[in-house]
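Only one structure is covered here, and it is reproduced in the block below.
Throughout, residue positions are numbered sequentially from 1 according to the sequence presented. Start at 1 and go down the list; that is how both ligands and their atoms are numbered. The figures that follow rest on heavy atoms only: side chains count, while hydrogens, waters and symmetry mates do not.
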Amino acid sequence: MTSADIVFVTLPRLELRSPITAPALLKAQVESKGFSARCLDFNLELWHALDSEKFGDLWFDTDLTFRHKERFEVFWNEELRREADKWVGKILAINPRWVGITIFSQRSKWITIKFCQLLKAQIPAIKIVTGGAYSERVSPSLYDKGYVDAYVVGEGENPIVEVLRGNFDAPGINGRAAEQIEDLDTLPIPDYSDFELNRYPQTWSSPKIKDESRMGTNFIYITGSRGCVRKCDFCDVQSLWPKFRYRSGEHIAQEMMEQNSRFGSKRFLFTDSLINGSVRQLKDLSSTLIKYRESGKMGPVKWQGQFIARPERHMKDDVYKLMKEAGCFFVSIGVESGSESVRNDMRKMFDDEALEFTFKTCAKYNIQMAWLLLVGYPTETEKDFRETLKLLETYNWINQKGLVRSVALGPTLDIVPGSPLYHRQKEMGIQWDDAGNWVCGNNTRPVRIRRWLRLKEKCLELGYPIVEKATDHLHMELAEYEKNSRLTTPAWDQFNENPGDMGRV
Ligand code: B12
Ligand code: SF4
């Protein structure tokens with residue numbers, strides 16, 4: 001007997017701090033159209049099943065097990081296959097018509113391939129559909145080989161309903177051009193009822209620790225907008241969400257209210273490219289939340305998200321004041337470089353004055369910050385790089401006030417398919433070395449690694465908090481380079497990715 005039309009599964013490796021949004025959102029969507037759905041989080045199951053002292057490292061961003069085919073094969077044969085068999089058993093117990101898999105990022109590729117093969121071998125009658133941000137790069141070949149019965153690229157809400165109706169000719173399905181939803185206020189509120197939120201560790205940043213007294217996530221992801229108002233050269237968001245759209249403040253506040261009353265969630269992390277993509281929406285959301293609080297409709301909530309530096313004329317002091325009053329306590333600012341000219345090349349579209357205003361105004365309202373830095377844009381010279389070091393000195397007073405929660409060093413710049421930079425490689429004279437890293441004149445991988453290490457040193461010297469686990473990998477890589485390197489063709493197709501190029505969130 002079938003007890004669900006579809007089971008949405010989350011495969012490892014993802015972070016452990018809270019479930020990803022897509023399965024909960026798609027469940028709510030298909031149920032609103034009369035289908036039944038369940039969600040299973042195998043990422044969380046795996047973490048609970050394994051000895052965290054021995055395997056906790058897998059959940060560090062720098063761990064390559066899920067990214068490198070060879071390493072993944074070894075892990076699959078030695079540990080993962082056993083767990084995956086149990087996951088198949090759980091799906092079998094529900095006996096759905098369809099299984100929906102989210103391919104979230106590069107790290108989802110090998111596990112998705114293996115799991116689809118396993119599912120098809122063990123439950124031949126089951127139908128599989130894939131989707132997610134990395135679907136475009138994995139699903140078409142899975143479909144051609146018959147491991148999945150349908151795949152979706154782009155937004156999943158409408159295509160998944162068509163898949164369940166048996167209509168595979170709709171936009172976004174099996175290679176048909178995707179369509180974007182115009183009015184995001186028509187979307188349902190994600191349904192997290194299948195997720196055992198009390199089993200997500202609060203110690204997610206130290207996945208080796210499995211402390212029963214510190215289980216239970218204290219926040220939930222929320223989406224206020226899709227797409228981005230910027231088109232930064234190195235970023236692929238525009239290929240995923242070509243058009244920028246946002247929900248009304250009222251619709252977002254209602255979602256917060258519902259998650260608050262159902263799960264007690266008081267903290268929300270926006271998945272948006274930018275929470276100030278639309279300043280008008282940010283004001284709308286902030287004033288609605290204040291209105292809800294003052295009328296007793298909902299208690300105080302806290303929220304955080306990614307942020308772009310804007311000149312004062314675009315976003316004045318009063319908006320910062322309002323967002324702080326409404327519960328915004330933390331913003332991650334894509335600073336990228338201390339050099340205005342590099343930022344111009346990146347098309348970040350903010351000058352030094354706008355950056356200074358943004359930093360100072362956040363500091364004035366005690367809004368904590370993470371500064372995201374990106375070392376090694378192709379046009380970055382040694383002089384430009386020193387301006388990034390200088391920036392850390394100039395604004396150390398903000399750090400000394402305890403308002404810089406972290407300087408996110410990120411990986412050195414990676415040329416991501418789907419980004420404008422990827423398409424401009426030839427024009428910029430970019431070549432590739434035999435380790436699969438790009439080279440632009442003197443800007444080589446070793447140069448970028450050395451700059452990254454110097455940046456880290458500078459942060460430590462000035463007392464900035466940093467979160468990174470890449471240093472050992474980078475030293476090893478540098479040593480390899482010192483032995484041998486020559487120019488060759490791009491290595492993207494081989495997915496022979498290096499420890500540094502982990503994309504960017
Ligand atoms: C929140 C987030 C995170 C969180 C994840 C939280 C968690 N618990 O794991 C954190 C910060 C931890 C994170 C980490 C990373 N992330 Co991230 N992340 C995001 C972000 C900002 C939001 C994702 C989200 O929830 N979106 C909202 C939901 C609704 O959208 P969605 O997931 O795309 O789902 C829609 C469709 O894709 C589709 N869909 C999804 N699943 C399915 C399934 C089926 C069956 C169907 C039919 C459709 C479908 O329908 C959904 C609704 O329309 C996105 C950028 C963005 N704005 O999307 C980047 C993004 C997904 N991340 C990205 C990357 C690269 C990473 C990292 C690899 C970066 C790193 N530091 O190493 C890591 C690796 C993650 C991992 N595997 O561990 C990239 C992926 C790029 C790509 N093309 O593959 C993105 C797109 C950002 C970017 N442009 O660089 N990330
Ligand atoms: S880097 Fe950030 S601001 Fe720039 S396009 Fe990507 S998401 Fe938007």
Side-chain angles (χ1 to χ4, degrees), residues 6 8-26 29-30 41 43-44 58-63 66-67 98-109 111 128-139 148 150-163 172-173 178 180-181 187 190 200 204 217 221-223 225-241 244 269-274 277 305-309 332 334 336 346-350 372 374 408 410-411 414 416-420 501-505:
I6 185 161
F8 291 105
V9 307
T10 306
L11 294 175
R13 194 233 77 157
L14 281 164
E15 282 209 25
L16 295 154
R17 53 181 152 171
S18 197
I20 49 168
T21 312
L25 180 57
L26 296 176
Q29 169 73 357
V30 301
D41 186 344
N43 179 53
L44 184 75
L58 288 172
W59 280 270
F60 283 137
D61 261 1
T62 43
D63 188 276
F66 279 84
R67 291 198 62 183
W98 284 89
V99 169
I101 299 176
T102 297
I103 312 180
F104 188 88
S105 75
Q106 306 95 312
R107 287 165 199 272
S108 321
K109 176 178 171 163
I111 178 84
I128 304 177
V129 51
T130 46
Y134 207 63
S135 174
E136 195 174 3
R137 304 196 200 292
V138 182
S139 299
V148 301
Y151 70 92
V152 170
V153 168
E155 288 175 346
E157 288 85 352
N158 292 331
I160 193 65
V161 173
E162 295 308 324
V163 166
I173 302 174
Q180 286 192 282
I181 297 162
L187 292 178
Y200 289 79
W204 58 268
T217 183
Y221 283 95
I222 189 163
T223 303
S225 65
R226 289 183 182 172
C228 192
V229 289
R230 294 280 181 273
K231 288 191 171 15
C232 302
D233 200 36
F234 54 83
C235 175
D236 67 350
V237 157
Q238 55 196 293
S239 70
L240 297 167
W241 316 100
F244 175 70
L269 198 159
F270 278 90
T271 66
D272 306 28
S273 300
L274 302 170
Q306 304 194 105
F307 202 75
I308 189 90
S332 301
E336 326 299 2
M346 291 173 165
R347 300 179 195 162
K348 292 300 296 183
M349 294 173 71
F350 59 83
L372 315 179
L374 193 50
D414 176 27
V416 184
S419 65
D501 65 355
M502 284 181 295
R504 177 171 184 287
V505 198

Under 4.0 Å, counting heavy atoms only: does [X] come that close to any atom of ligand 1?
{"X": "S18", "result": "yes"}
{"X": "W241", "result": "yes"}
{"X": "R226", "result": "yes"}
{"X": "P411", "result": "no"}

Give the minimum heavy-atom separation between [X] and [Y], together with the two atoms involved.
{"X": "R347", "Y": "C232", "value": "O-SG, 4.0 Å"}
{"X": "Y134", "Y": "K109", "value": "CE2-CB, 4.4 Å"}
{"X": "F234", "Y": "M346", "value": "CE2-SD, 3.9 Å"}
{"X": "A309", "Y": "F350", "value": "O-CB, 3.4 Å"}
{"X": "Q306", "Y": "L372", "value": "OE1-CD1, 4.2 Å"}
{"X": "D63", "Y": "R107", "value": "O-NH1, 3.1 Å"}

For ligand 1, is there an N or O atom under 3.5 Å from any N or O atom of [X]?
{"X": "S273", "answer": "no"}
{"X": "R13", "answer": "yes"}
{"X": "R137", "answer": "no"}
{"X": "T271", "answer": "yes"}

Applying side chain to side chain contact (heavy atoms under 4.5 Å, CB included), can you list everything that pairs with T102, at least two apart in sequence or on another chain?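 Partners of T102 under the side chain to side chain contact (heavy atoms under 4.5 Å, CB included) test: I20, A22, P23, F104.
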With heavy-atom distances below 4.0 Å as the criterion, list the atoms of ligand 1 near [X].
{"X": "Q106", "result": "65 (C), 68 (C)"}
{"X": "L240", "result": "86 (C)"}
{"X": "S105", "result": "68 (C), 74 (C), 77 (N), 84 (O)"}
{"X": "V237", "result": "89 (N)"}
{"X": "V152", "result": "47 (C)"}
{"X": "G100", "result": "45 (C)"}
{"X": "I101", "result": "43 (C), 44 (C), 45 (C)"}
{"X": "L26", "result": "42 (C), 43 (C), 44 (C), 46 (C), 48 (C), 49 (C)"}

With backbone taken as N, CA, C and O and side chain as the heavy atoms from C-beta onward, which portion of C232 lies under 4.0 Å from ligand 2: side chain, backbone, both, or neither?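 Both parts.
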Have a look at ligand 2 and work out which part of K348, if any, has a heavy atom under 4.0 Å from it: side chain, backbone, both or neither.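 Just the side chain.
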Got an N, O or S from C235 under 2.8 Å of atom 8 (Fe) of ligand 2?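 Checking atom 8 (Fe) of ligand 2 against C235, no N, O or S atom falls under 2.8 Å.
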CD of E155: more than 12 outside heavy atoms within 6.0 angstrom?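 Counting other residues, nucleotides and ligands, CD of E155 exceeds 12 neighbours.
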Is there a side-chain contact between [X] and [Y] (heavy atoms, below 4.5 Å)?
{"X": "V229", "Y": "L274", "value": "yes"}
{"X": "P19", "Y": "Y200", "value": "yes"}
{"X": "I308", "Y": "K348", "value": "yes"}

What part of [X], side chain from CB on, backbone N/CA/C/O, both or neither, has a heavy atom under 4.0 Å from ligand 1?
{"X": "E136", "result": "neither"}
{"X": "R107", "result": "side chain"}
{"X": "L14", "result": "both"}

Testing the 3.5 Å rule here: is there a donor-acceptor pair between the side chains of D272 and S225?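 A pair is found: one side chain offers a donor N or O, the other an acceptor, under 3.5 Å apart.
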Would you say S135 and T130 are linked by a side-chain donor-acceptor pair, where the criterion is simply a distance under 3.5 Å?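 Side-chain D/A pair, T130 to S135: absent.
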Using a strict 4.0 Å cut-off to heavy atoms of S273, name the atoms of ligand 2 that fall inside it.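 Listed by number with element, the hits are 7 (S).
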Show which atoms of ligand 2 fall inside a sub-4.0 Å distance from at least one heavy-atom site of C228.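 Near C228, the atoms of ligand 2 are 3 (S), 5 (S), 7 (S), 8 (Fe).
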Hey, is E336 close enough to R230 for a salt bridge, meaning N to O under 4.0 Å?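 Salt bridge between E336 and R230, a charged N being under 4.0 Å from a carboxylate O: no.
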Which is closest to atom 84 (O) of ligand 1 in terms of heavy atoms, Y221, Y134, W204?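 Residue with the shortest heavy-atom distance to the ligand atom: Y134.
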Would you mind finding which of E157, Q29, Q238, E162 brings a heavy atom closest to atom 52 (C) of ligand 1?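 Considering heavy atoms of E157, Q29, Q238, E162, the nearest to atom 52 (C) of ligand 1 sits in E157.
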